[in-house]
Number of protein chains: 2
Amino acid sequence: MVTLATVTAPPPDPTTSKAQQTRAAIVAAATKLFRTGGYDATTMRAVAKEAGVSVGNAYYYFGSKEHLVLAFYDEIFAAHLAGCERVLATETGFVERLSAVLEIWIDVAESSHEFAGKFFKHAAEPTSPLSVFSPESAPTRDGAIALMRRVVAGSDLKVAPALREELPLLLWLVQMGMVLFWVYDASPGRTRTRQLVRQAVPILDKLLRATRIPGVRGIADDVVALVKSLVPPTA
Amino acid sequence: MVTLATVTAPPPDPTTSKAQQTRAAIVAAATKLFRTGGYDATTMRAVAKEAGVSVGNAYYYFGSKEHLVLAFYDEIFAAHLAGCERVLATETGFVERLSAVLEIWIDVAESSHEFAGKFFKHAAEPTSPLSVFSPESAPTRDGAIALMRRVVAGSDLKVAPALREELPLLLWLVQMGMVLFWVYDASPGRTRTRQLVRQAVPILDKLLRATRIPGVRGIADDVVALVKSLVPPTA
DNA sequence: TCCTTGAGTTGAACATGTTCAACATTCGCG
DNA sequence: CGCGAATGTTGAACATGTTCAACTCAAGGA
């Protein structure tokens with residue numbers, strides 16, 4: 001239903017069409033209010049008022065309150081991507097690259113943690129447009145997987161080509177697992193999640209390199225086959 | 001409305017006090033309506049009406065609509081446990097025991113799948129009483145972990161004692177992972193989730209038995225240490 | 001017997017996400 | 001320009017989870 005026609009510019013001057021402006025105003029208002037007051041405390045009436053539009057108008061552009069959160073995802077991802085550039089350009093160690101990328105995500109998302117639980121409850125609902133597998137979130141998801149592809153591509157990691165091909169997707173799933181843990185992490189500064197990354201990434205590295213051991217390689221192939229057979233062809 | 005409360009002392013027999021009856025009536029009504037109409041379509045007004053109480057009274061016993069779902073968890077777990085008894089008593093192969101237990105869960109939960117997505121969105125929200133880590137759901141959770149302990153205890157699996165000790169918790173986490181997949185599984189009869197179980201359990205078995213390989217044992221120890229350090233001491 | 005106390009119960013009121021019929025504006029085109 | 005269609009906009013109305021001040025009632029003591 002919602003088409004997100006924002007990508008390709010229909011008219012010659014797409015920068016500030018009226019609709020784009022209204023849309024942007026609503027997103028800006030929602031983002032601001034979400035950040036200051038959290039998800040539940042931010043009413044659609046407040047968003048509309050802040051944006052200077054009517055409630056119904058907000059629903060004209062966004063199918064539901066949840067859709068407004070997608071803007072948040074994009075914002076976080078954009079900041080994450082920007083924050084990773086330096087490390088991706090300089091570092092070559094796989095453990096260092098992956099750890100850095102994951103920890104930068106934690107940094108970027110920290111300010112959203114308080115109400116992230118409210119967001120991610122929608123991300124876990126299959127029917128929600130906020131689901132991490134939903135078509136609506138496909139652009140952000142694809143971007144995140146592409147980021148993982150860069151993590152692998154620029155690293156010194158040596159694995160079988162077949163596994164290497166699937167690795168970005170696997171690493172994105174790993175990241176989703178980390179996010180799940182992060183949502184539950186009440187420790188100050190998310191130290192527990194950081195601890196998880198620092199401990200788990202070297203283990204993952206060991207596991208990946210262990211795929212060269214004959215007895216382990218078969219298991220790795222099984223895992224790859226399993227994931228390939230289960231992840232929807234959409235991704 | 002049968003009264004007969006006059007006969008004997010109320011305190012000595014707490015099994016069916018008036019309050020317990022009311023509580024049970026509300027749970028029964030909610031369960032019935034959830035099953036027939038789903039979560040969202042079941043209003044608190046409908047539940048109250050079905051139970052023959054007022055809306056406010058339902059809230060006197062249950063803090064929110066979500067709390068009513070806990071009764072559902074208990075129901076599913078009880079059915080799961082009962083369904084597993086035969087296999088646990090007869091089968092000794094680890095792969096067979098674990099696969100059977102997981103598949104029986106899929107059978108038991110099948111009738112709830114349609115609205116399970118709506119339930120589990122709360123299960124993924126840390127602040128919700130429905131969270132799989134919440135104190136409110138502790139009894140059911142502990143029961144589920146105990147079930148996994150029986151799966152391990154009665155099996156032919158040979159692993160290091162340290163790992164064996166942590167295995168029930170690990171297997172429960174595996175089950176939670178399966179449930180997460182299951183929630184997203186739209187295939188008829190949940191064939192994809194069953195496929196996942198049939199493929200993943202042998203892999204898990206291989207991995208566990210591979211912990212005897214010197215180069216792998218260290219990784220296994222790392223994983224155990226990681227989980228032990230991260231799972232809250234409550235569990 | 002009468003009062004006190006506290007658990008149990010009520011339904012109207014409230015807050016808020018969402019819808020919708022109506023109105024306004026802009027656009028495309030002759 | 002004129003005008004019909006598409007797009008944009010409005011706010012009142014609706015549905016439903018939740019709250020709360022008031023009420024009922026049974027038990028127990030003085």
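Within 4.0 Å (heavy atoms only), B:Val53 reaches sugar-phosphate atoms of the nucleic acid but no base atom.
Distance, B:Asp40 CG to D:dC14 P: 22 Å, rounded to whole Å. Computed from coordinates, the B:Glu66 CD to D:dT16 P distance equals 17 Å when rounded to whole Å. Atom OH in B:Tyr59 sits about 3 Å away from atom P in D:dT18, given to the nearest Å. Between the CZ atom of B:Phe62 and the C1' atom of C:dG8 there is a distance of 14 Å, rounded to whole Å. Across the protein-nucleic acid pair, A:Gln21 atom CD and C:dT26 atom P stand 12 Å apart, rounded to whole Å. Spacing between atom CG of B:Leu68 and atom C1' of D:dT16 amounts to 15 Å, rounded to whole angstrom units. The CG-P distance, from B:Asn57 to D:dC23, rounds to 18 Å in whole Å. Distance, B:Tyr61 OH to D:dG17 C1': 20 Å, rounded to whole Å.
Judged by the 6.0 Å distance and 45° axis criteria, A:Arg141 is not positioned over the aromatic ring of A:Phe77. Cation-pi contact between A:Lys65 and A:Tyr39: present, with separation from the ring centre below 6.0 Å and deviation from the ring axis of at most 45°.
In this structure, the nucleotide among D:dT9, D:dT18, C:dG8 sitting nearest to the side chain of B:Lys65 is D:dT18. Between D:dT18, C:dT9, C:dG17, one nucleotide has an atom nearer to the side chain of B:Ser64 than all others, and that is D:dT18. Considering only side-chain atoms of B:Met44, the nucleotide from D:dT18, D:dT10, C:dT9 that sits closest is D:dT18. Among the nucleotides C:dA13, D:dT9, C:dG17, the one closest to the side chain of B:Arg45 is C:dA13.
B:Arg149 contributes atom CZ, which lies 10.5 Å from atom CG of B:Leu171 (distance to the nearest 0.5 angstrom).
Phosphate contact (OP1/OP2 of C:dT9, side-chain N/O of B:Thr22, threshold under 4.0 Å): present. Residue B:Tyr60 has a polar side-chain atom (N or O) positioned under 4.0 Å from OP1 or OP2 of C:dG8.
Between A:Ala41 and B:Val55, the residue anchored nearer the 5' end of DNA chain C, judged by the nucleotide with its closest heavy atom, is B:Val55. Residue order along DNA chain D, read from the 5' end via each residue's closest nucleotide, puts A:Gly52 first among A:Gly52 and B:Gly56.
Remark: A:Glu110 CD is packed, more than 12 non-hydrogen atoms of other residues, nucleotides or ligands lying under 6.0 Å away.
The side-chain hydrogen bond (donor to acceptor under 3.5 Å, both in side chains) with B:Gln195 is formed by just one residue from the set B:Arg192, B:Arg198, B:Gln199; it is B:Gln199.
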